[in-house]
Amino acid sequence: MPHSDGTVSITVNGEHRRVPAGLTIADLARDLGLAPEKVAVERNLEIVPRSTLKDVCVEDGDDLEIVTFVGGGDHDALSDDSWTVAGRTFTSRLIVGTGKYKDFAQNAAALVASGAEIVTVAVRRVNISDPNQPVLMDFIDPKKVTYLPNTAGCFDAESAIRTLRLAREAGGWDLVKLEVLGEAKTLYPDMVETLRATEILANEGFKPMVYCVDDPIAAKRLENAGAVAIMPLGAPIGSGLGIQNRVTIRLIVEGAGVPVLVDAGVGSASDAAVAMELGCDGVLMNTAIAEAKDPVMMAAAMKAAVAAGRLSYRAGRMGRRMYADPSSPLAGLI
């Protein structure tokens, strides 16, 4: 029965309360700051159907348990997360190559599946014996996709510089990818020649994105020499071994004032996700897609992996613990 002041005594989640007589459970939930449609209520050990909460009134002596799900929340994690290099802004953080595909048509299909906005292109002599042979531009329009001329196959600064001068003359490109290799077995960068070429190209108005060893000191020297992006290898070119030294990649990211993109060594989607979780601005790959059993499907996988890795990095990894920690809170148990 109601008290003389028109209230009733109830227990809610273990706490004693006095509430107005005739108060419905739905109204009680609202008074507690809860949405009736988002809770479940047990009254005296019996479930009260949610559809009846607005009709059932609390009575003196009632023992109520009100529960809901905890955790989660709304967050616009998929909002714009573009990146910028040399004053140019891109949405996709995946850059793909144009070599090793069965044909240009397969290359173009993989590009679409990857969502990439930049493709690396090699500069090679025109086939003057058969000028009617198809060319990459017939399948990938440089007006819709940014071409990034590279110096693949160059083993000294002079040949790399000469190649990029020709590329600029052919297409007007100044955003370029520089790589100067030390020898053919490992395809590791020759950092002395790479640094020299970077300085010369930057002085000539080029904006070089530079392939380099995973060395924080070398990376900073390249940046000081005029590199607009640092591109350390994850593993040897075309090896598919994945990122072999996460520590040095992370140190490069932490010390860089320009974008950092892992270039070379990616073999699977998980490798791409790891690169992004280390804080890299992007990933460049060719062989991992082109030599997959299904290049178009692998391109789609890489797109998803880069996006997932980036979201994971932005979200912030949980701290590592030595022992278990319960996922569900222990407080408030029924």
Enumerate, atom names and distances included, each donor-acceptor pair closer than 3.5 Å involving a side-chain atom of residues 290-303, sequence neighbours excluded.
residue: D294; atom: OD1; partner: V296; partner atom: N; Å: 3.3
residue: D294; atom: OD1; partner: M297; partner atom: N; Å: 3.0

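Across D174 and G205, no two heavy atoms sit closer than the pair CB-O, 4.0 Å. V283 approaches M276 most closely through the heavy-atom pair CG2-SD, 3.8 Å. For the pair E179 and A152, the tightest heavy-atom approach, listed with the atom from each and the gap, is OE2-CA, 3.5 Å. Of all the heavy atoms in I118 and I95, the pair that sits closest is O-CG2, 3.5 Å. Minimum interatomic distance between G97 and T120 (heavy atoms only, all atoms of both residues): CA-OG1, 3.1 Å. Of all the heavy atoms in Y147 and V121, the pair that sits closest is CD2-CG1, 3.8 Å.
Linking Ile, Leu, Val, Met, Phe, Trp and Tyr residues whenever their side-chain heavy atoms come within less than 4.5 Å leaves M231 and V306 in two separate clusters. Grouping the Ile, Leu, Val, Met, Phe, Trp and Tyr side chains by contacts below 4.5 angstrom, directly or via other members, places V260 with L233. Hydrophobic clustering of Ile, Leu, Val, Met, Phe, Trp and Tyr side chains at less than 4.5 Å, counting indirect connections, unites M137 with I140. Linking Ile, Leu, Val, Met, Phe, Trp and Tyr whenever their side-chain heavy atoms come within less than 4.5 Å puts M191 and I252 in one cluster. V85 and V258 are not part of a single hydrophobic cluster, where members link through side-chain heavy atoms under 4.5 Å apart.
Between the side chain of S239 and the backbone N or O of A235 there is no donor-acceptor pair closer than 3.5 Å. Side-chain N or O atoms of D271 include one that pairs as donor or acceptor with a backbone N or O of S268 at under 3.5 Å. In this structure a side-chain-to-backbone donor-acceptor pair under 3.5 Å is missing from E199 to A225. Under the 3.5 Å distance criterion, the side-chain polar atoms of S312 are left unmatched by any main-chain donor or acceptor of G309. A donor-acceptor pair is defined here as one N or O able to donate and one able to accept, closer than 3.5 Å; such a pair exists between the side chain of E117 and the backbone of T91.
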TODO: Evaluate side chain to side chain contact (heavy atoms under 4.5 Å, CB included) for I289 paired with Y101, printing each intermediate quantity in order.
DONE: CA-CA 9 Å; I289 296 176; Y101 288 93; 3.3 Å; yes
Open item on the list: Determine whether S9 and H3 satisfy the following criterion, side-chain hydrogen bond (donor to acceptor under 3.5 Å, both in side chains), listing intermediate values before the conclusion.
Closed with: CA-CA 8 Å; S9 296; H3 298 284; 2.8 Å; yes
- [ ] Test side chain to side chain contact (heavy atoms under 4.5 Å, CB included) on C57 and L23 and set out the steps.
- [x] CA-CA 5 Å; C57 295; L23 187 72; over 6 Å; no
Open item on the list: Go through it in stages, so that I can follow the logic: the residues are V19 and V58, the test is side chain to side chain contact (heavy atoms under 4.5 Å, CB included), and I'd like the CA-CA distance, side-chain angles, deciding distance and then a yes or no.
Closed with: CA-CA 9 Å; V19 299; V58 296; 3.9 Å; yes
- [ ] Evaluate the side-chain hydrogen bond (donor to acceptor under 3.5 Å, both in side chains) criterion for residues T89 and T84: first the C-alpha distance (whole Å), next the side-chain angles of each, then the deciding distance (0.1 Å), finally the verdict.
- [x] CA-CA 4 Å; T89 300; T84 301; 3.0 Å; yes
Open item on the list: One pair to check against side chain to side chain contact (heavy atoms under 4.5 Å, CB included): M209 and V228. What are the steps and the verdict?
Closed with: CA-CA 6 Å; M209 301 173 66; V228 299; 3.8 Å; yes
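For the atom pair CG (N286) and NZ (K100), the distance works out to 6.5 Å, reported to the nearest 0.5 Å. Taking CG of L178 as the start and CG of L222 as the end, the distance is 8.5 Å to the nearest 0.5 Å. Taking CH2 of W173 as the reference point, atom OG1 of T146 lies at 10.5 Å (rounded to 0.5 Å). The CG atom of L251 sits 12.0 Å away from the NZ atom of K220 when rounded to the nearest 0.5 Å. In this structure, OG1 in T151 is found 11.0 Å from OH in Y211, a value given to the nearest 0.5 Å. Expressed to the nearest 0.5 Å, how far CG of L181 lies from OG of S159 amounts to 9.0 Å.
Residues I230 and P259 are not in side-chain contact: their nearest non-hydrogen atoms beyond the backbone lie 4.5 Å or more apart. With a 4.5 Å cut-off on side-chain heavy atoms, V119 and L148 do not count as touching. T98 places a side-chain heavy atom less than 4.5 Å from the side chain of L136. Using a 4.5 Å heavy-atom threshold, the side chains of I249 and C280 count as touching. L28 has its side chain within reach of I10: a pair of non-hydrogen atoms, C-beta onward, lies under 4.5 Å apart. In this structure the side chain of L261 reaches within 4.5 angstrom of the side chain of W83, judged on heavy atoms. L94 places a side-chain heavy atom less than 4.5 Å from the side chain of M285. Residues L175 and R88 have side chains in contact (heavy-atom distance under 4.5 Å, counting atoms from C-beta outward).
Salt bridge annotation for K54-D27: absent, with no cationic side-chain nitrogen under 4.0 angstrom from a carboxylate oxygen. A salt bridge between D156 and R196 is absent, with no side-chain N of the basic residue lying under 4.0 Å from a carboxylate O of the acidic one. Electrostatic pairing of E204 and R165 counts as a salt bridge here, judged by a charged N lying under 4.0 Å from a carboxylate O. Of the charged side-chain nitrogens involved, none lies within less than 4.0 Å of a carboxylate oxygen, so that E223 and R221 do not count as a salt-bridged pair. Using a 4.0 Å cut-off between charged nitrogen and carboxylate oxygen, D81 and R310 count as a salt-bridge pair. Salt bridge annotation for R250-E254: present, with a cationic side-chain nitrogen under 4.0 angstrom from a carboxylate oxygen.
Residue E37 qualifies as enclosed at atom CD: its count of foreign heavy atoms under 6.0 Å is above 12. A 6.0 Å sphere centred on CZ of R246 holds no more than 12 heavy atoms belonging to other residues, nucleotides or ligands. Atom CZ of F155 has more than 12 heavy atoms from other residues, nucleotides or ligands within 6.0 Å. Taking a 6.0 Å sphere around CZ of R168, one finds it holds more than 12 heavy atoms contributed by other residues, nucleotides or ligands. At most 12 heavy atoms of other shown residues, nucleotides or ligands fall within 6.0 angstrom of atom CD in E169.
Checked options D63, T11, D62; the residue passing with N44 is D62 (criterion: side-chain hydrogen bond (donor to acceptor under 3.5 Å, both in side chains)).
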